[in-house]
Amino acid sequence: MGFKTNEASSSSHILKIPREDTPLMGKTQKLSSPSKTFANIFMSLVGAGVLGLPYTFKRTGWVMGFLLIISVAVLTYYCMMLLVYSRRKLESQCEAPKISSFGDLGFAVCGPIGRFAVDSMIVLSQACFSVGYMIFIANTLAYLFNYSITQPESKIFGFSPKSVYIWSCLPFQLGLNSIPTLTLLAPLSIFAEIVDLGALGVVMVEDVMICIKNRPNLEMFGGFSVLFYGVGVAVYAFEGMSMILPLESEIRDKEKFGKILGLSVAFVALVYGTFGALGYFAFGEETKDIITTNFGQGLLSSLVQLGLCIDLFFAFPLMMNPVYEVMERRFCEGSYCLWLRWLVVLAVSFVALMVPNFADFMSLVGSSVCVVLGFVLPSLFHLIAFKNELGWCSLFLDAAFIVMGTVFAVYGTSSTLIKIFAKMA
């Protein structure tokens, strides 16, 4: 993933090991059309984070929730375009190396320190997303097959259902994560996205029907105390910064990329806002951290929840590929390393066991690594790349994003950790 012809990139080319900039659907020879780029951006942004949005709307109030989604969408789009502008600026310079990924941009701007910062954030964010997948799968299966009103704390052979399901998934995930290339995982990616969109559509229809029937009491604003919590979840839901530069490289008409990206982000914001609001409108104060558990254990609800579990189960190795690319490049000279992949999967499973609440975990990840990766680093790189050309307005905006992002990361992370530890105590 480096510039020029270095050892890592050479090994990566020979062994066909996936890189951070490897397309999700496999390497293609033709450049992408606007419609395909729109679809790829949508797939890069929409993930498990959407399932925790109704619970977030419950805590923040539905008006504040909508405003947070819209605000984070606008800020995310702005920072994504900062990456694009920075890459174009640096590549336009004489004898400038090709910048294929976020890590390449970090190296071009700040040298090895910049690449290390980006690599660290990508590893943390992608691994944390995968932890969220495991938490969702385990909690959902435990609710479907082991939960009952009379025995809410049921055990399986003396162990919690959540831990049993996580360890049951481990052997299969070790096998899936042993697959060396994203090309071989492409069919699983397509299947996962179809299941995901179908399940989300069914959930929203169910929400509308329940909302018409129940009409619970709703709050418009949750107060300042939950502001940082809501922002953390919203940032988590929109995280897809590491894929923006590869996607911009693949589009046929690069002048249209900004418009297509804006339309994609706006469409995702509409989906997120609608999904979060409908879930809260349907269940009010009874909204749970994973919205699908509100539907009970009927046949339709069970099928939807199982569909989402299948989606995330097969999406897990796709989400982990950027982690393997970074780890293998840094520790194995770019060579495929089975034991390293298995060790990472094992570590992710251990972390999933430790986190009790899906929505709280989303807020923690969003408040920490996603804020740095999504707002602080793009603004910093843009500031350095254009340091001799920025006007006062642009200079102020970049500095404001860096300062506010850093403050929010520190405060949001600490406040969310306090809440998580309080629940675990």
Atom [atom1] of [X] and atom [atom2] of [Y]: how far apart are they, to the nearest 0.5 Å?
X: D119; Y: R330; atom1: CG; atom2: CZ; answer: 4.5 Å
X: I69; Y: T60; atom1: CD1; atom2: OG1; answer: 8.5 Å
X: F136; Y: L312; atom1: CZ; atom2: CG; answer: 5.5 Å
X: L270; Y: T274; atom1: CG; atom2: OG1; answer: 4.5 Å
X: Y229; Y: R59; atom1: OH; atom2: CZ; answer: 4.5 Å
X: I113; Y: F107; atom1: CD1; atom2: CZ; answer: 11.5 Å

Using every non-hydrogen atom in the two residues, find where [X] and [Y] come nearest and quote the distance to one decimal.
X: P54; Y: F275; result: CG-O, 3.8 Å
X: M134; Y: A352; result: CB-CB, 3.7 Å
X: L90; Y: A108; result: CD1-CB, 3.9 Å
X: I384; Y: C110; result: CD1-SG, 3.6 Å
X: D398; Y: S379; result: O-CB, 3.7 Å
X: V323; Y: V123; result: CG2-O, 3.8 Å

Problem - Qualifying residues under side-chain contact (heavy atoms from CB on, under 4.5 Å), relative to S264, sequence neighbours excluded - result: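 Applying side-chain contact (heavy atoms from CB on, under 4.5 Å) to S264 gives F38, I41, I260.
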
Exercise for the section: Go through the structure and list residues passing side-chain contact (heavy atoms from CB on, under 4.5 Å) with W339, not counting sequence neighbours. Expected result: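 Result, side-chain contact (heavy atoms from CB on, under 4.5 Å) vs W339: C337, L343.
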
Practice task
Report the relative orientation of the aromatic rings in F375 and F401; use parallel for angles under 30°, tilted for 30 to 60°, perpendicular for over 60°.
Solution key: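 Tilted.
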
Exercise for the section: Measure up the F145 and Y165 rings against each other and bin them: parallel (under 30°), tilted (30 to 60°), perpendicular (over 60°). Expected result: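 Tilted.
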
Check whether [X] reaches the backbone of [Y] with its side chain - one donor and one acceptor, N or O, closer than 3.5 Å.
X: S394; Y: L390; answer: no
X: K58; Y: E285; answer: yes
X: S414; Y: Y411; answer: yes
X: T287; Y: G284; answer: yes

Exercise for the section: Mark yes when over 12 heavy atoms from residues, nucleotides or ligands other than F221 sit less than 6.0 Å from its CZ; otherwise mark no. Expected result: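 For F221, atom CZ is crowded (more than 12 foreign heavy atoms under 6.0 Å).
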
Taking the side chain as every heavy atom from C-beta outward, state whether [X] and [Y] have any atom pair closer than 4.5 Å.
X: S86; Y: L105; answer: yes
X: M121; Y: L124; answer: yes
X: I310; Y: F314; answer: yes
X: F381; Y: L82; answer: no
X: I166; Y: F350; answer: no
X: V63; Y: F66; answer: no
X: V369; Y: L373; answer: no
X: T406; Y: V371; answer: no

Handout entry: Y280 and Y55 aromatic centres sub-6.0 Å
Key =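 No; Y55 has its ring centre 6.0 Å or more from that of Y280.
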
Compile the donor-acceptor pairs under 3.5 Å between side chains in residues 168-180 and protein atoms, sequence neighbours left out, one pair per line.
| unit_1 | atom_1 | unit_2 | atom_2 | d |
| --- | --- | --- | --- | --- |
| S168 | OG | V164 | O | 2.7 |
| Q173 | OE1 | N177 | ND2 | 3.1 |
| Q173 | NE2 | F313 | O | 2.9 |
| N177 | OD1 | Y324 | OH | 2.6 |
| N177 | ND2 | Q173 | O | 2.7 |
| S178 | OG | L174 | O | 2.5 |
| S178 | OG | W342 | NE1 | 2.8 |

Handout entry: Residues T76, V235; criterion side-chain contact (heavy atoms from CB on, under 4.5 Å); working and verdict
Key = CA-CA 8 Å; T76 298; V235 172; over 6 Å; no

Practice task
Take M64 and E219 through the side-chain contact (heavy atoms from CB on, under 4.5 Å) test and state the conclusion after the steps.
Solution key: CA-CA 9 Å; M64 180 183 287; E219 293 289 337; over 6 Å; no

Exercise for the section: Before accepting this row, confirm whether a basic side-chain N of the pair D104/R87 lies closer than 4.0 Å to the acidic partner's carboxylate O. Expected result: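 No, this pair does not count.
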
Problem - Pair R88 + E248: basic N to acidic O under 4.0 Å - result: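 Salt bridge between R88 and E248, a charged N being under 4.0 Å from a carboxylate O: yes.
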
Practice task
Applying ring-ring contact (aromatic ring centres under 6.0 Å, His included), run through Y85 and F386 and close with a yes or a no.
Solution key: CA-CA 9 Å; Y85 294 145; F386 288 88; 7.5 Å; no

Practice task
Check the pair L263 / F267 against side-chain contact (heavy atoms from CB on, under 4.5 Å), numbers first and verdict last.
Solution key: CA-CA 6 Å; L263 291 174; F267 181 67; over 6 Å; no

Practice task
Go through the steps to decide whether V208 and F281 satisfy the test side-chain contact (heavy atoms from CB on, under 4.5 Å), and finish with yes or no.
Solution key: CA-CA 8 Å; V208 172; F281 289 168; over 6 Å; no

Practice task
Start with the C-alpha gap between Y272 and F238, add the side-chain angles, then the distance that decides, and say whether ring-ring contact (aromatic ring centres under 6.0 Å, His included) holds.
Solution key: CA-CA 9 Å; Y272 280 170; F238 275 99; 5.1 Å; yes

